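Here the structure is a predicted model, which means the values were calculated and not measured. The sequence lines fix the lettering, A, B, ..., with proteins before strands; numbering per chain opens at 1.
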Amino acid sequence: GAVVSQHPSWVICKSGTSVKIECRSLDFQATTMFWYRQFPKQSLMLMATSNEGSKATYEQGVEKDKFLINHASLTLSTLTVTSAHPEDSSFYICSAREPAGAGNEQFFGPGTRLTVL
Amino acid sequence: GENVEQHPSTLSVQEGDSAVIKCTYSDSASNYFPWYKQELGKRPQLIIDIRSNVGEKKDQRIAVTLNKTAKHFSLHITETQPEDSAVYFCAASSGFGNEKLTFGTGTRLTIIP
């Protein structure tokens, strides 16, 4: 099956710093990737939809200037948490959708645990 | 937008018994309904999915049923085993445009040996 990787798997940073998380589709081209956030014992909440070569579409309530998304190639999307604060501590998961026409299935990355001190 | 409700939030069953988790959705345009299993600290794993042109799908001990009229779908796990213990999420997607998924709130399933 399709493989999606994320890097780093965990990161600890000081309040006020920025953190970049990478999401890669390893064996297929993903024109669309999705970024989710999951707080402890809660569900996955979609933050934004990342489209290769165009601006990301953010869900209501998600600050686009704080969570910068770049999808510069068909295999890489990045999420940068700018000026991170303790309330941004969460599990961030990306997913990539199969190419158009191949179905709806999304393949998830292993997640990145962000802890902001 | 789409809203997906999931029940129950926790479920404990004896090993060997069946478990049923139910979800309802609000958007009649939704046509893709996956179920995910997530273990602590891990990525969600797709265990089964169903599309709106099908009423039921089965894969060994796991089955999903869909009632489009009532806008609800259910996950059935038979002959439960300890390794089935995890959090299960349902989701729905319209299948148009970017096909974003809306997740249910999750069910923590515990199999009692």
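Between A:Leu44 and B:Gln38, the closest side-chain pair of non-hydrogen atoms falls below 4.5 Å.
Across B:Gly106, B:Gly41, B:Gly1, the residue that shares the most heavy-atom pairs under 4.5 angstrom with chain A is B:Gly41.
B:Tyr36 and B:Tyr88 fall into different hydrophobic clusters, where Ile, Leu, Val, Met, Phe, Trp and Tyr are joined by side-chain heavy atoms under 4.5 Å apart, directly or via other members. Grouping the Ile, Leu, Val, Met, Phe, Trp and Tyr side chains by contacts below 4.5 angstrom, directly or via other members, places B:Ile48 with B:Ile21. Both B:Leu11 and B:Val64 are assigned to one and the same hydrophobic cluster, defined by single-linkage of ILVMFWY side chains at heavy-atom distances under 4.5 Å. B:Val87 and B:Ile77 end up in different hydrophobic clusters when Ile, Leu, Val, Met, Phe, Trp and Tyr side chains are linked at under 4.5 Å. A:Ile69 and A:Met33 are not part of a single hydrophobic cluster, where members link through side-chain heavy atoms under 4.5 Å apart.
The CZ atom of A:Phe107 lies 11.5 Å from the CZ atom of B:Arg43; values are rounded to the nearest 0.5 Å. Of the inter-residue distances, the one linking A:Lys41 atom NZ with B:Leu40 atom CG reads 9.5 Å to the nearest 0.5 angstrom. B:Gln6 contributes atom CD, which lies 7.5 Å from atom OG of A:Ser43 (distance to the nearest 0.5 angstrom). We find the CG-CG distance between B:Leu101 and A:Leu46 to be 8.5 Å, quoted to the nearest 0.5 Å.
For a residue to count as touching a neighbouring chain, one of its non-hydrogen atoms must lie under 4.5 Å from one of that chain's; by this rule A:Ile93 touches chain B with the side chain only. Only the side chain of A:Gln38 comes within contact range of chain B, judged by heavy atoms closer than 4.5 Å. Residue B:Phe89 touches chain A through its side chain alone, counting heavy-atom pairs closer than 4.5 Å. Heavy atoms of B:Gln45 lying under 4.5 Å from chain A are absent altogether. Contact of A:Phe108 with chain B is made through backbone and side chain together, with heavy-atom distances under 4.5 Å. At a 4.5 Å heavy-atom cutoff, A:Gln60 makes no contact with chain B through either its backbone or its side chain. Using a 4.5 Å cut-off between heavy atoms, B:Pro44 contacts chain A through both its backbone and its side chain.
For the side chain to side chain donor-acceptor pair (under 3.5 Å) condition, the pairs that include at least one residue of residues 8-29 of chain B, sequence neighbours left out, are B:Glu2-B:Ser26.
Atom CD of B:Gln60 is surrounded by 12 or fewer heavy atoms from other residues, nucleotides or ligands within 6.0 Å. Within 6.0 Å of atom NZ in A:Lys66, more than 12 heavy atoms from other residues, nucleotides or ligands are found, so the atom counts as buried in its surroundings. By the neighbour-count criterion of 12 heavy atoms within 6.0 Å, atom CZ of B:Arg108 is sparsely surrounded, having that number or fewer from other residues, nucleotides or ligands.
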Item to check | side-chain contact (heavy atoms from CB on, under 4.5 Å) assessment of A:Glu59 paired with B:Lys100 | outcome: CA-CA 11 Å; A:Glu59 294 299 301; B:Lys100 65 180 185 179; 3.0 Å; yes

